[in-house]
Amino acid sequence: PCICAVGFAVKRQRRAVRRNAARRYLRESYRLHKHALAATCTSLRVGVKCVIMYSAPQKMENVEFHAVEETMKLLITSLVERLNSECLSC
């Protein structure tokens, strides 16, 4: 079985409600798009351990789910491409 261990970290802000909302958005967007990463890890027989950090330069008042989801989709896609390119060259 492949291991895809992912952790989430959010920059500490004053408002715990906003910080926890950002963390929930990260988890949900990963849950929606993790199938591509899991399929790649299974086919290549590799394990992945990573920490995804959310650090916004502005206040977290206007964190929107669709923006986090699009970024997560790009992140997972680039990770899958990098895994494919590195494991095929081995």
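As the structure is a prediction and not an experimental result, all values here were calculated from the model.
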Participant: Could you tell me which residues satisfy side chain to side chain donor-acceptor pair (under 3.5 Å) with Glu28, sequence neighbours excluded, listed by chain and number?
Facilitator: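 Listed in chain order: Arg31.
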Participant: Report the hydrophobic cluster partners of Val51, with the cluster defined as I, L, V, M, F, W, Y residues connected by side-chain heavy atoms closer than 4.5 angstrom, directly or transitively.
Facilitator: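 ILVMFWY cluster around Val51 also holds Met53.
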Participant: Tell me, please, which residues at least two apart from Arg24 pass side chain to side chain donor-acceptor pair (under 3.5 Å).
Facilitator: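 Listed in chain order: nothing, the list is empty.
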Participant: My understanding is that only residues two or more places apart in sequence, or in another chain, count here; which of them pass side chain to side chain donor-acceptor pair (under 3.5 Å) with His66?
Facilitator: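 Listed in chain order: Glu64.
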Participant: Please collect all salt bridge (charged side-chain N to carboxylate O under 4.0 Å, His left out) contacts where either partner lies in residues 65-78, sequence neighbours excluded, each pair once.
Facilitator: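 Salt bridge (charged side-chain N to carboxylate O under 4.0 Å, His left out) check on residues 65-78 returns Glu70-Lys73.
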Participant: Kindly compute the distance separating OH (Tyr54) from OG1 (Thr71), expressed to the nearest 0.5 Å.
Facilitator: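 Rounded to the nearest 0.5 Å, the OH-OG1 separation comes to 8.5 Å.
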Participant: Give, for atom OG1 of Thr77 and atom NE2 of His33, the distance between the pair rounded to the nearest 0.5 Å.
Facilitator: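 The OG1 atom of Thr77 sits 8.5 Å away from the NE2 atom of His33.
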Participant: Can you name the side-chain contact (heavy atoms from CB on, under 4.5 Å) partners of Tyr30, sequence neighbours left out?
Facilitator: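 Partners of Tyr30 by the side-chain contact (heavy atoms from CB on, under 4.5 Å) criterion, ordered by chain and then number, come out as Cys4, Val6, Phe8, Lys34, Leu37, Met72, Ile76.
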Participant: Test question: given the 4.5 Å side-chain rule for I, L, V, M, F, W and Y, name all other residues clustered with Leu74, or answer none.
Facilitator: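 When side chains under 4.5 Å apart are linked, Leu74 ends up in no cluster with other residues.
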Participant: Would you tabulate the side-chain donor-acceptor contacts of residues 40-47 under 3.5 Å, counting partners in other chains and residues two or more places apart, or write 'none'?
Facilitator:
from  : atom 1 : to    : atom 2 : distance (Å)
Thr40 : OG1    : Ala36 : O      : 2.9
Thr42 : OG1    : Ala38 : O      : 2.8
Ser43 : OG     : Ala39 : O      : 3.3
Ser43 : OG     : Thr40 : O      : 3.0

Participant: Please list, chain by chain and in numerical order, all residues satisfying side-chain contact (heavy atoms from CB on, under 4.5 Å) with Arg82, sequence neighbours excluded.
Facilitator: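 Partners of Arg82 by the side-chain contact (heavy atoms from CB on, under 4.5 Å) criterion, ordered by chain and then number, come out as Glu86.
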Participant: Nearest 0.5 Å, what's the CG-CZ distance between Leu26 and Phe65?
Facilitator: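 Between atom CG of Leu26 and atom CZ of Phe65 there are 9.5 Å.
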